[in-house]
Amino acid sequence: MTTPLAAVILTHNEQAHIAACIDSVRWADRIVVFDSFSDDQTVPLAEAAGAEVLQHAWKGYASQRNAALDAVEVDWVLFIDADERSSPAQAAEIRATLSAPARHGYWIPRDNYIFGRLTRHAGWYPDYQMRLLRRGRARYDPAREVHELVLLDGEPGYLTEPFRHYNYTTLRQFREKQSRYVRYDAEILKQQGIRPRPHKFVTMPLRQFTWRFITHKGYRDGLHGLRLSLLMAWYEFQKYRELQRLYWYS
């Protein structure tokens with residue numbers, strides 16, 4: 001017996017990606033575009049591609065995913081972002097898994113394409129995301145609106161077939177997204193009582209670079225891996241500058 005599955009795509013102004021994403025999950029029983037009132041062509045393109053479209057005001061990633069879990073009445077949900085793609089191999093693995101599911105949630109790896117290049121080192125793989133969930137047995141922690149945390153009933157399972165993730169196409173896009181993460185991560189450090197001690201402005205970026213370039217073999221990606229490792233070290237430095245600013249103005 002086939003277990004019903006809905007592929008759910010969260011969107012806001014994703015006209016560049018939505019049609020290809022929908023095409024990649026046509027194997028699902030339902031395709032739902034859960035849109036936060038896009039003002040580009042995302043919704044018309046999704047409807048033209050045959051997806052169901054539901055709209056819900058944006059209040060953060062965790063809130064949006066929980067709202068989608070409430071709205072889409074089906075046994076299992078596969079969350080896939082608009083800039084991600086599924087594959088026939090992934091479809092076969094998920095169908096086989098759901099024929100006799102042993103868990104209520106599954107981690108799925110991602111192949112990250114950064115600046116147009118598949119990046120398998122510097123901490124960008126396997127980049128597991130918990131995206132296959134049984135409704136009613138999983139929720140997203142509302143306190144974690146970025147880097148979402150799934151609260152799962154029981155232990156998770158792991159799948160092997162990855163999403164393809166086209167996450168950063170330009171340096172500008174990379175910088176804008178990392179800058180948002182810097183602010184969020186600095187706020188978390190402050191909530192944990194961590195203070196920006198002077199030595200951490202040196203040791204933490206160095207640790208970040210070493211972790212990516214040496215431990216996670218960023219060097220195997222050549223200049224690409226070196227650039228990514230240096231960029232992430234720079235944003236680690238920026239995170240502690242932001243933490244310092246938060247203490248100054250608190």
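Note that the coordinates shown come from a computational prediction; the quantities given were computed from them, not determined experimentally.
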Nearest heavy-atom approach of P196 to Y247 is CD-CD1, 3.6 Å

Which heavy atom in L78 sits nearest to a heavy atom in L5, and how many Å separate them?
N-CD1, 3.8 Å

Would you mind checking if D29 and R95 are paired as a salt bridge, meaning a charged N to carboxylate O distance below 4.0 Å?
yes

Intermediate values then yes/no, side chain to side chain contact (heavy atoms under 4.5 Å, CB included), I108 and Q90:
CA-CA 9 Å; I108 299 177; Q90 186 181 76; 3.5 Å; yes

Using the side chain to side chain contact (heavy atoms under 4.5 Å, CB included) rule, take W76 and I94 through it: C-alpha gap first, then chi angles, then the decisive distance, then the call.
CA-CA 11 Å; W76 284 84; I94 290 175; over 6 Å; no

Check the hydrophobic clustering (I, L, V, M, F, W, Y; side-chain heavy atoms under 4.5 Å; chains of links allowed) and say if L243 and L206 are grouped together.
no

Quick one: sort the F209 and F213 rings into parallel, tilted or perpendicular, breaks at 30° and 60°.
parallel

Salt-bridge contact R65-D81 (side-chain N to carboxylate O under 4.0 Å):
yes

Are side-chain heavy atoms of E14 and S38 found at a separation under 4.5 Å?
no

Sub-4.5 Å side-chain heavy-atom contact between E52 and V72:
no

Does a side-chain N-to-carboxylate-O contact under 4.0 Å join R120 and D111?
yes

Rounded to the nearest 0.5 Å, what separates atom CZ in R131 from atom CD in E84?
4.0 Å

Should we say atom CZ of R175 is surrounded by more than 12 heavy atoms from elsewhere, each under 6.0 Å from it?
no

Same cluster or not: are I31 and L45 linked, directly or through other Ile, Leu, Val, Met, Phe, Trp or Tyr residues, by side-chain heavy atoms under 4.5 angstrom apart?
yes

Which atom pairs, donor and acceptor, lie under 3.5 Å between side-chain atoms of residues 154-162 and protein residues at least two apart or in another chain?
residue: T160; atom: OG1; partner: E93; partner atom: OE2; Å: 2.9

Does atom NZ (K217) have a neighbourhood of more than 12 heavy atoms from anything else shown, all under 6.0 Å?
no

Ignoring hydrogens and geometry, is there a side-chain-to-backbone donor-acceptor pair from N66 to R139 under 3.5 Å?
no

S24 side, atom OG; I80 side, atom CD1 - distance, nearest 0.5 Å
4.0 Å

May I ask you to test the F34-F79 pair for a side-chain heavy-atom distance under 4.5 Å?
no

Do side-chain atoms of N13 reach the backbone of D39 as a donor and acceptor pair under 3.5 angstrom?
yes

So, do V150 and W107 sit near enough that their side-chain heavy atoms are less than 4.5 Å apart?
no

Which heavy atom in V74 sits nearest to a heavy atom in R30, and how many Å separate them?
CB-NH1, 4.4 Å

Go through the structure and list residues passing ring-ring contact (aromatic ring centres under 6.0 Å, His included) with H216, not counting sequence neighbours.
W211

Can you hop from L10 to M130 via hydrophobic side chains spaced under 4.5 Å?
yes

Do the side chains of M204 and Y240 get nearer than 4.5 Å, heavy atoms only?
yes

Residues K239, E236: salt bridge by 4.0 Å N-O rule:
yes

Considering all heavy atoms, the nearest F37-H56 contact
CE1-C, 3.7 Å

Taking side-chain hydrogen bond (donor to acceptor under 3.5 Å, both in side chains) as the definition, give me every residue that meets it alongside E47, ordered by chain and number, with sequence neighbours left out.
none

Search all heavy atoms of Q15 against all heavy atoms of T42 and return the closest pair with its distance.
N-OG1, 3.1 Å

I would like to know whether L132 and L98 meet side chain to side chain contact (heavy atoms under 4.5 Å, CB included); could you show each step before the answer?
CA-CA 10 Å; L132 182 61; L98 296 189; 4.2 Å; yes

Give a yes or no on whether R241 atom CZ has more than 12 heavy-atom contacts from other residues, nucleotides or ligands under 6.0 Å away.
no

Under a 4.0 Å N-O cut-off, is there an ion pair linking R245 with E242?
yes

Please round to the nearest 0.5 Å and tell me the distance separating atom CH2 of W124 and atom CZ of R117.
14.0 Å

Enter the distance from R227:CZ to L171:CG here, rounded to the nearest 0.5 Å.
6.0 Å

Heavy-atom side-chain proximity of Y166 to R85 below 4.5 angstrom
yes

Same hydrophobic cluster for L228 and W234, using side-chain heavy-atom links shorter than 4.5 Å among ILVMFWY?
yes

Transitively linked via ILVMFWY side-chain contacts under 4.5 Å: Y168 with Y184?
yes

Intermediate values then yes/no, side chain to side chain donor-acceptor pair (under 3.5 Å), T11 and D35
CA-CA 5 Å; T11 60; D35 183 71; 2.7 Å; yes

Rounded to the nearest 0.5 angstrom, the CD1-CD distance for I114 and Q173 is 10.5 Å

Using side-chain heavy atoms (C-beta onward) and a distance below 4.5 Å, is L230 in contact with L226?
yes

Please test V8 against L69 for side chain to side chain contact (heavy atoms under 4.5 Å, CB included), starting from the C-alpha separation and ending with a verdict.
CA-CA 9 Å; V8 176; L69 286 172; over 6 Å; no

Salt-bridge test for R172 and E176: reply yes if a basic N is under 4.0 Å from a carboxylate O, no otherwise.
yes

Can you measure from CG (D127) to CG (N167) and round to the nearest 0.5 angstrom?
8.0 Å

Using ring-ring contact (aromatic ring centres under 6.0 Å, His included) as the criterion, list what pairs up with F163, not counting sequence neighbours.
none

Which salt bridge (charged side-chain N to carboxylate O under 4.0 Å, His left out) pairs, counting each pair once, include a residue from residues 201-214, with sequence neighbours left out?
none

Scan residues 191-205 for pairs that pass side chain to side chain donor-acceptor pair (under 3.5 Å), counting only residues two or more places apart or in two chains.
none

Over all atoms of both residues, closest heavy-atom pair of Y125 and T119
CB-O, 4.2 Å

With a 4.5 Å heavy-atom cut-off, do H165 and D83 have their side chains touching?
yes

Describe, in one word, how the ring planes of F115 and F174 are oriented to each other, choosing from parallel (under 30°), tilted (30 to 60°) and perpendicular (over 60°).
tilted

Within the side chain of H12, is there an N or O that forms a donor-acceptor pair under 3.5 Å with the backbone of S36?
yes

